[in-house]
Amino acid sequence: MTHGALVLFSGGQDSTTCLAWALDRFETVETVGYDYGQRHIVELECRKTIRDRLAREFPQWAGRIGEDHTIRIDALKEISNTSLTQDVEIAMGNDGLPNTFVPGRNLIFLTFAAALAYRRGLKHIVGGMCETDFSGYPDCRDDTVKAMQLALNLGMDRRFVLHTPLMWINKAETWELAQELGGDALVEIVRTETHTCYRGDRGDLHDWGYGCGECPACELRAAGYEQWGVASVQEGVSQ
Ligand code: ZN
């Protein structure tokens, strides 16, 4: 088993920042994306562009970017609410979770990632789970990920290490992390090439990137970008 890493890479802001984080640390970094018939298939299409730009614009990372894997998990679509009730509008439920939520989805993603990492001989698995801004997803919480690491290591008889660099930082700090890892060039890739919008809207480019600007994912991303901008200005003034 090498000290290479496998990054759960959807093409969104969080997983792109995680990919840069892994490229900064590990000598070989492979990526995996899941295709489960999500509406915003546009996110998966962003993946190749982002990988290509990272390789082209960051020579120190170019030799580290390894294979990309896409795994189809069609069964997830069959158990999501939008599929059970046909084509319903995306809405937030009383529990604070969008109705597209598939219970335990990240447990499934981590299990597939570990099975793939096992085959590829990769020790480190990196995911963008975070419980700071959006703790609504119980499968993104730190305890859940730690329990999964233990379960996967026991169940596969390996010593995987699950990394979640975004677990304790907010969206503003995620922008700051991108800045620290790759400067303005990386921030620009995150801003213009990554996709987070629940509705798959890629019509208008805002300061914070593409998206409808109204869904919970867009609101979170826009608020984080604004907060980061304010913090950067204050930082500049105090220096
Ligand atoms: Zn949106």
Side-chain angles (χ1 to χ4, degrees), residues 7-20 31 33-51 53 70 73 76-77 79-103 105-106 109 127-140 166-167 169-179 186-231:
V7 179
L8 280 73
F9 179 52
S10 68
Q13 176 188 357
D14 292 347
S15 66
T16 299
T17 307
C18 285
L19 176 54
T31 49
Y34 298 107
D35 180 357
Y36 49 101
Q38 60 268 60
R39 284 184 169 189
H40 41 288
I41 196 82
V42 60
E43 218 180 60
L44 286 178
E45 290 167 359
C46 292
R47 299 170 75 255
K48 187 177 185 316
T49 312
I50 296 165
R51 281 174 46 98
R53 284 194 62 176
T70 306
I73 314 180
L76 281 184
K77 196 180 179 187
I79 50 174
S80 85
N81 191 39
T82 42
S83 137
L84 295 173
T85 56
Q86 298 308 313
D87 199 24
V88 300
E89 184 63 14
I90 295 172
M92 297 303 282
N94 293 333
D95 53 4
L97 300 171
N99 60 353
T100 50
F101 173 65
V102 176
R105 191 182 66 177
N106 277 302
F109 288 171
M129 296 81 178
C130 170
E131 69 168 73
T132 303
D133 268 329
F134 198 47
S135 57
Y137 292 108
D139 56 343
C140 287
L166 311 185
M167 184 58 77
I169 64 177
N170 62 30
K171 284 286 174 190
E173 290 165 324
T174 303
W175 286 106
E176 181 60 25
L177 179 58
Q179 176 77 48
L186 183 60
V187 169
E188 192 57 12
I189 290 174
V190 172
R191 198 178 75 87
T192 59
E193 304 289 4
T194 71
H195 191 85
T196 317
C197 178
Y198 281 141
R199 296 199 176 101
D201 188 326
R202 232 177 136 69
D204 296 320
L205 178 62
H206 310 269
D207 289 347
W208 43 269
Y210 288 99
C212 73
E214 290 163 5
C215 75
C218 281
E219 282 181 354
L220 202 57
R221 177 167 167 149
Y225 187 82
E226 191 185 347
Q227 193 191 338
W228 176 57
V230 171

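Since the model is a prediction, treat every value here as computed from it, not as a measurement. Both ligands and their constituent atoms are indexed starting at 1 by order of listing. We number each residue from 1, following the sequence as shown. Note that these values count all heavy atoms, side chains included, but never hydrogens, waters or copies made by symmetry.
- Salt-bridge formation is not detected for the pair D207/R191: no Lys NZ or Arg NE/NH1/NH2 atom is positioned less than 4.0 Å from an Asp or Glu carboxylate oxygen.
- Across all their heavy atoms, C218 and C212 have their closest contact at SG-N, 3.4 Å.
- Only protein N, O or S atoms were scored, and 4 of them lie under 2.8 Å from the Zn ion (ligand 1).
- Atom CD of E226 is surrounded by 12 or fewer heavy atoms from other residues, nucleotides or ligands within 6.0 Å.
- Remark: the R221 side chain and the T194 side chain contain an N/O donor-acceptor pair separated by less than 3.5 Å.
- Nearest heavy atoms, F9 versus S15: CD1-OG, 3.6 Å.
- A side-chain N or O of Y36 and one of R105 form a donor-acceptor pair less than 3.5 Å apart.
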